[in-house]
Every structure is written in C-alpha cells, then in structure tokens.
Peer 1: 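Structure in structure tokens, see below.
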Amino acid sequence: MSIPDEDIFPHATGAAQQTVQQHSADTELVFYAGWFCPFVQRAWISLEEKGIPYQYKEVNPYKKEKHFLDINPKGLVPAIEYKSKALYESLIICEFLEDAYPDTPRLFPTDPFERAYTRLWIDHISKNVIPCFFRLLQAQEPEKRATALKDYKEALLPVAEQVKGPYFNGERWCLVDTVIAPFIVRDYILSNHRDFHREDVGPRWADYAGHVERRGSVQRTASENYAKIYGRYLRDEAQSEAAKATREGRAPP
C-alpha cells in the first residue's frame, strides 16, 4: 500500500516554476530538490541570493531513484553534487556555498563575533521555532493546539526582538533570514487553520515577516500550492521525516 505523501504534485508552480525552468542546463553544481520542502527552500534561497549557477533536479523523496540514494544515503532533500562530490543537509549546504563561492554576496558576516552570533540565532530557530511550527501544524486536540500556539509565539518573540530591520542584521540579507524565510512563507496555513496571526507576536515581527516574504529570492523559490500538501500535516497524516519526528516529540531532522 502506498503512503499518502507519495502523491505529490510533480513540480514547482508559479514563480518557482519559472526559476526551475531557468536552471535546467548542466552546471558543475546540481541541486536536488523538492519544491514543497521548507528545508529545500532555504538552500534554494541561498543559491539565488548568491547568484550561483546551478542545475535544478526535482526529487520525489518517496520515490527515490538509485543515483540519488547513491549520493545521499539518507534519501532526504536537499542535496547537491559539486564537481561529482555530494553533500546534503540544508544548513551544511548553505555554509558550503559561502566557502566554495567566496566572491558571491555573503550571507554570513565576516566578523568572527557576528558570525558566531548569527549561528546562535540559527540554532534558536532550528531548536525552537521550527519544532514549534510543526507541533502547531500537527496538533489535533484543542488543548494541544492552544499550547502549541503559545509556544510558537514565544519562540518567535526573541527573534523579533533582535531584528535590526528590515532584515535580521539590518539592510543586508543574512543566513538567519534565509533559514526562517520558508516558515514565514508557509505561516498563512497556520493563520487559516491554527489561529496564528503575525500581529499577535508583535508589530516588529509582522513588519519583519512582511519584508522577508517580499524578498526577491524568497518569491522566486516559492510555489503557489502548499495548502494541499500541508493538509496532511493538519490532519497529522503526513509521513515525512519532519512529521514523524514531531509525533515522537523530536525536533525535525
């Protein structure tokens, strides 16, 4: 018996589809992606922000081809092939792009303290914001939804307090913005189904989130039809690794 998540719409839509079409030619960097995945989108945003040539290849993680499993035994997107060498894990890919393409726009500060400070807030997003996002998305009982909603707002508030505006570090887009952007893009699902409203976190968060979702790299990597696939999370039926981790009380991988 197939699992529900196997029936994924086969390609990106809207602006993201146009971006895919612009990146079909062979290059030294191949980007294995799933249009629907927030972890894919943050690596994709990095590629777009830095203007790195890449070839986009769509992967259905529930119907993995042998070559993809050969380069990525975990079978998760995103992954890249760079000069016939493979890497996976979105944050590792983002940091690799910084080092491999030093002449492109920097998403990490060059100052050692600011670089460590950026990592500190990426860690907060990874360990607090994202797990709370999925818990709220998948919560079924009213009491659990209320608790998850409170936790999500509390996880976002410290980020909002650190925003210099319009982006996290000020005028220049950075990796903190890149990491959290896909979840801002998808928070309309929480607004429509889980009573989440950006303004409830505070005006600073609402203003920041608005700037992030209007960023060109974010819009170019965003599809139009997230609602259907996230309906499986809203019913707690999704079988992704993130959904399974959330059910088990773990942070998404």
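The chain is numbered in sequence order, starting from 1.
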Peer 1: Does atom CD of Gln17 have more than 12 heavy-atom neighbours from other groups under 6.0 Å away?
Peer 2: yes
Peer 1: So Trp35 and Phe9, would you call those rings parallel, tilted or perpendicular, with 30° and 60° as cut-offs?
Peer 2: perpendicular
Peer 1: In the structure I gave you, are the side-chain heavy atoms of Glu81 and Gln55 within less than 4.5 Å of one another anywhere?
Peer 2: no
Peer 1: Mind checking whether Trp44 and Pro182 have side chains closer than 4.5 Å, heavy atoms only?
Peer 2: no
Peer 1: Check whether any side-chain heavy atom of His11 lies under 4.5 Å from a side-chain heavy atom of Val20, and answer yes or no.
Peer 2: no
Peer 1: Check whether any side-chain heavy atom of Tyr56 sits under 4.5 Å from a side-chain heavy atom of Thr19, and report yes or no.
Peer 2: no
Peer 1: Using a 3.5 Å distance criterion without hydrogens, assess whether the side chain of Arg194 forms a donor-acceptor pair with backbone atoms of Ala139.
Peer 2: yes
Peer 1: Quick check: does any side chain N or O of Arg106 sit under 3.5 Å from a backbone N or O of Glu98, one acting as donor and the other as acceptor?
Peer 2: yes
Peer 1: Flag yes if Tyr101 and Tyr54 sit in one hydrophobic cluster, no otherwise; membership is Ile, Leu, Val, Met, Phe, Trp, Tyr, and two members link when side-chain heavy atoms are under 4.5 Å apart.
Peer 2: yes
Peer 1: Could you tell me if the side chain of Leu157 sits less than 4.5 Å from the side chain of Trp205, heavy atoms only?
Peer 2: no
Peer 1: Can you tell whether the side chains of Asp70 and Lys66 come within less than 4.0 Å, N to carboxylate O?
Peer 2: yes
Peer 1: Any side-chain heavy-atom pair from Val159 and His124 closer than 4.5 angstrom?
Peer 2: yes
Peer 1: So does Ala243 get a backbone contact from the side chain of Gln138, meaning a donor-acceptor N/O pair under 3.5 Å?
Peer 2: yes
Peer 1: Counting C-beta onward and ignoring hydrogens, is there a side-chain heavy-atom pair between Val129 and Tyr152 closer than 4.5 Å?
Peer 2: yes
Peer 1: Tell me, please, whether Phe183 has Arg42 positioned over its six-membered ring: NZ or CZ under 6.0 Å from the ring centre and within 45 degrees of its axis?
Peer 2: no
Peer 1: Check whether any side-chain heavy atom of Phe108 lies under 4.5 Å from a side-chain heavy atom of Thr118, and answer yes or no.
Peer 2: yes
Peer 1: One thing to verify: whether Lys244 and Glu248 come together as a salt bridge, which I'm taking to mean a side-chain N less than 4.0 angstrom from a carboxylate O.
Peer 2: no
Peer 1: Between His67 and Tyr32, what is the ring plane arrangement, given parallel below 30°, perpendicular above 60°, and tilted in between?
Peer 2: tilted
Peer 1: Hey, what's the ring geometry for Phe113 with Tyr117, parallel, tilted or perpendicular (30° and 60° as the breaks)?
Peer 2: parallel
Peer 1: If you apply the rule side-chain contact (heavy atoms from CB on, under 4.5 Å), what do you find for Val201 with Phe196, and how did you get there?
Peer 2: CA-CA 9 Å; Val201 182; Phe196 169 77; 3.9 Å; yes
Peer 1: Quick test of your reading: applying side chain to side chain donor-acceptor pair (under 3.5 Å), list the pairs with at least one residue in residues 169-188, sequence neighbours left out, ordered by first then second residue.
Peer 2: Gln41-Arg186, Trp173-Thr178, Asp177-Tyr208, Arg186-Tyr226, Arg186-Tyr230, Asp187-Arg198
Peer 1: Over 60° means perpendicular and under 30° means parallel, so classify the ring planes of Tyr167 and His211, tilted if in between.
Peer 2: perpendicular
Peer 1: Test Glu95 against Arg115 for salt bridge (charged side-chain N to carboxylate O under 4.0 Å, His left out), laying out the working first.
Peer 2: CA-CA 11 Å; Glu95 291 204 25; Arg115 194 176 180 95; 5.3 Å; no
Peer 1: Go through the steps for Asp200 and Leu149 under the test side-chain contact (heavy atoms from CB on, under 4.5 Å), then give the verdict.
Peer 2: CA-CA 11 Å; Asp200 292 343; Leu149 179 59; over 6 Å; no
